[in-house]
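Before any comments, here is the structure.
The sequence lines fix the lettering, A, B, ..., with proteins before strands; numbering per chain opens at 1.
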Protein chains: 2
Amino acid sequence: MPERKPRKDATRNRAAVLAAADDLYARCASPEDVTMADVAAAAGVGKGTLFRAFGDRNGLIRALYQARLEPLGNSVEAGPPPLGPGTPPLERIPAVLDALLCFKLDNRRLALALEGAGGGSPYLAEHYERWHALLRAMVEGIPGFMGGDFTAHALLAATRADLVEHLAGQERVPREQLRADLAEFVRRVLGAGVLPG
Amino acid sequence: MPERKPRKDATRNRAAVLAAADDLYARCASPEDVTMADVAAAAGVGKGTLFRAFGDRNGLIRALYQARLEPLGNSVEAGPPPLGPGTPPLERIPAVLDALLCFKLDNRRLALALEGAGGGSPYLAEHYERWHALLRAMVEGIPGFMGGDFTAHALLAATRADLVEHLAGQERVPREQLRADLAEFVRRVLGAGVLPG
DNA sequence: TTGCGAAGCGGACCCGCGGTCCGTATCTTT
DNA sequence: AAAGATACGGACCGCGGGTCCGCTTCGCAA
């Protein structure tokens, strides 16, 4: 019953804002020098409209991120191997992490903005919860593997947006190098299987 | 020649500010609701004094952190095994990471404040550079181990302050559990030694 | 087509915070 | 004791996120 469909101008403006913000985040050097006023202006919209549509700064960033992330999310939830379900963990985990890394390489500022937002902790954003749950389930699908919860966190931490930004941006580590490094790291973590002792 | 010793009131005020800030950070729920004005007031000092002494917010946080971290830094640089030099990597790396984890458990808000500061990236703070270099050197001291640079980053990422805060604070994971989880993760990463293939 | 309530618009406005400035107070040195 | 250097402190500034409310636009119904 509550579902009233929004007015036409509202949806148009929402789209305009998303587009403008996307653009601004792509251009800017650092996420924090994209101000809400900037976004509103670039979208040809008042600040009131912007805040009405997205609640607050985080809302906007989350909406953007969500939109960008959707294809990847779909691939993981119901796509073909190696990303989709039905792939054995030892193959799927590296694939998912690699995809995540690539995503953050392709959406650096945005990912940075998202993780930097939320009061400083990425761990409250519900999308983190999803990735963590997925990874954890996969890790625990490896026979005899203990400590899946922490391992999932630690693996995700290896693809943190600011780390990616530091390596790819400041240190100029080439994309393929990073992917290879991550892949090897993951292999190490998973490769030992059940530890002796 | 440049070394002019500071005035007495200056050093006294500096100490007062550090003490007050330490206290405030210990009490507060989240680092960002400790304002500079708060610190100044709690120290019984004007804002001008505070900024003169520490430059800016980051300066203050870094100074605090540095002070707290010093003992650990010393232990690592020139202490007895297993933290000090001269310990074989496979023993020293877990020890150092465990010490780091414990430090962040004992100084949660402070560590959080530090990593959240610096324009959003912990990777610019020079103390990160030091830990990374140390870890990297140790990792590369393991015969045949490749990708030490990234591995060092990834291991440090597993002890990120906000992750620690999330697990210990929100999720109420007990301290010993966390230490054990980290230890096992580290063992996994290092345990494989040289990978086949 | 027109009328009319509701939904949405926009930008002036507010507030809190980091950081600066400068007249005044305090220390140190000779 | 006097003078110069150094530090103090809080009024002040600019900026950015978020709110408010009079006005516009939409869309339904007669």
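Of the charged side-chain nitrogens involved, at least one lies within less than 4.0 Å of a carboxylate oxygen, so that A:Glu184 and A:Arg188 count as a salt-bridged pair.
The only member of A:Arg108, A:Arg172, A:Arg160, A:Arg109 that meets salt bridge (charged side-chain N to carboxylate O under 4.0 Å, His left out) when paired with A:Glu165 is A:Arg108. Tested against A:Leu178, the residues A:Thr159, A:Leu163, A:Leu105 include a single side-chain contact (heavy atoms from CB on, under 4.5 Å) partner, A:Leu105.
The CG atom of B:Asp9 sits 17 Å away from the P atom of D:dA5 (whole-angstrom rounding). Rounded to whole Å, the distance from CG on B:Leu50 to P on C:dC17 is 14 Å. Regarding B:Phe51, its CZ atom lies at a distance of 14 Å from the P atom of D:dC8, rounded to whole Å. The separation between B:Arg52 atom CZ and C:dC27 atom C1' is 14 Å, rounded to whole Å. The nearest whole Å value for the distance from the CZ atom in B:Arg12 to the C1' atom in C:dT26 is 10 Å. If you take NZ of A:Lys47 and P of D:dT19, they are 10 Å apart, rounded to a whole angstrom. Atom-to-atom, CZ of B:Phe54 to P of C:dG18 comes out at 15 Å; the value is rounded to the nearest Å. Rounded to whole angstrom, the span from the CE atom of B:Met36 across to the P atom of D:dG9 amounts to 17 Å.
Of the candidate nucleotides C:dC9, D:dA7, C:dC17, C:dC17 has the atom lying nearest to any side-chain atom of B:Thr35.
Considering only side-chain N and O atoms, B:Asn13 lies under 4.0 angstrom from the phosphate OP1 or OP2 of D:dC8. The shortest distance between the side-chain N/O atoms of A:Thr49 and the OP1/OP2 oxygens of C:dG8 is not below 4.0 Å.
With a 4.5 Å cut-off on side-chain heavy atoms, A:Leu83 and A:Leu72 count as touching.
Counting distance only, with no hydrogens placed and no angle test, the side-chain atoms of B:Arg7 and the base atoms of C:dT26 include a donor-acceptor pair under 3.5 Å.
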